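If you're wondering where the values come from, they're calculated on a predicted model, not measured in any experiment. Any value given below was found using the heavy atoms of this structure, including those in side chains, with hydrogens, waters and symmetry copies removed.
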Amino acid sequence: QVQLVESGGGLVQPGGSLRLSCAASGSIFSIDIMGWYRQAPGKVRELVATIDSSSTTNYADSVKGRFTISRDNAKNTVWLQMNSLKFEDTAVYYCNALIRYRSGGIPFNRWGEGTQVTVSS
């Protein structure tokens with residue numbers, strides 16, 4: 001059983017910063033890609049940022065230059081540093097991981113339960 005546990009959400013004023021973290025635990029051989037997605041009320045879930053095992057990153061245009069994703073492969077942990085937060089960044093942020101349970105095995109997509117980020121004055 002694999003779990004993704006997120007932390008670090010909360011309430012912040014516009015222009016402020018938050019750092020999200022997500023730790024994967026359980027029977028894990030390796031994690032190909034880790035990432036963050038978000039879902040605002042009434043909207044579909046969207047990509048925020050991803051990072052692969054070589055630390056190659058990908059960002060949504062809306063967060064480029066403001067958010068930074070990083071990971072520690074040994075700890076199966078990914079972080080999202082969010083700076084210069086805007087009202088429109090308000091959403092539930094979900095951790096995502098593409099996990100292999102054995103060498104050469106098919107990777108499985110797993111989600112965390114989400115953490116709320118609210119940007120408000």
Hey, does the side chain of [X] reach the backbone of [Y] with a donor-acceptor pair shorter than 3.5 angstrom?
{"X": "Glu6", "Y": "Cys95", "value": "yes"}
{"X": "Arg66", "Y": "Ser84", "value": "yes"}
{"X": "Asn96", "Y": "Arg110", "value": "yes"}
{"X": "Arg71", "Y": "Thr77", "value": "no"}

**Report entry** Centroid-centroid distance, Trp36 to Phe67, less than 6.0 Å
**Finding:** no
Query raised in the report: Can the ring centroids of Phe108 and Tyr101 be said to lie less than 6.0 angstrom from one another?
Result: yes
Query raised in the report: Does a side chain donor of either Ser17 or Asn83 reach within less than 3.5 Å of an acceptor in the other side chain?
Result: yes
Report task. Ignoring hydrogens and angles, state whether a donor on the side chain of Thr118 or Thr90 is under 3.5 Å from an acceptor on the partner side chain. Result ->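 No pair is found: no donor N or O on one side chain lies under 3.5 Å from an acceptor on the other.
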Query raised in the report: Atom CG in Leu80, atom OG1 in Thr115: separation rounded to 0.5 Å?
Result: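 If I round to the nearest 0.5 Å, the distance is 11.0 Å.
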Report summary line: Here the gap from Asn58 atom CG to Lys64 atom NZ, rounded to the nearest 0.5 Å, amounts to 7.0 Å
Requested in this report: Count the heavy atoms belonging to other residues, nucleotides or ligands that lie under 6.0 Å from CD of Glu113, then report whether that count exceeds 12.
Outcome: no
Query raised in the report: Hey, is CD on Gln3 packed in by over 12 heavy atoms from elsewhere, all under 6.0 Å?
Result: no
Query raised in the report: For the hydrophobic clusters of this structure (ILVMFWY residues joined by side-chain heavy atoms under 4.5 Å, transitively), does one cluster hold both Tyr37 and Met82?
Result: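 No, separate clusters.
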Query raised in the report: Taking all non-hydrogen atoms of both residues, which atom of Val78 and which atom of Ser70 are closest, and how far apart?
Result: CG2-O, 3.1 Å
Report task. For the pair Arg38 and Asp89, find out whether any cationic side-chain nitrogen is under 4.0 Å from an anionic carboxylate oxygen. Result ->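 Salt bridge present between Arg38 and Asp89.
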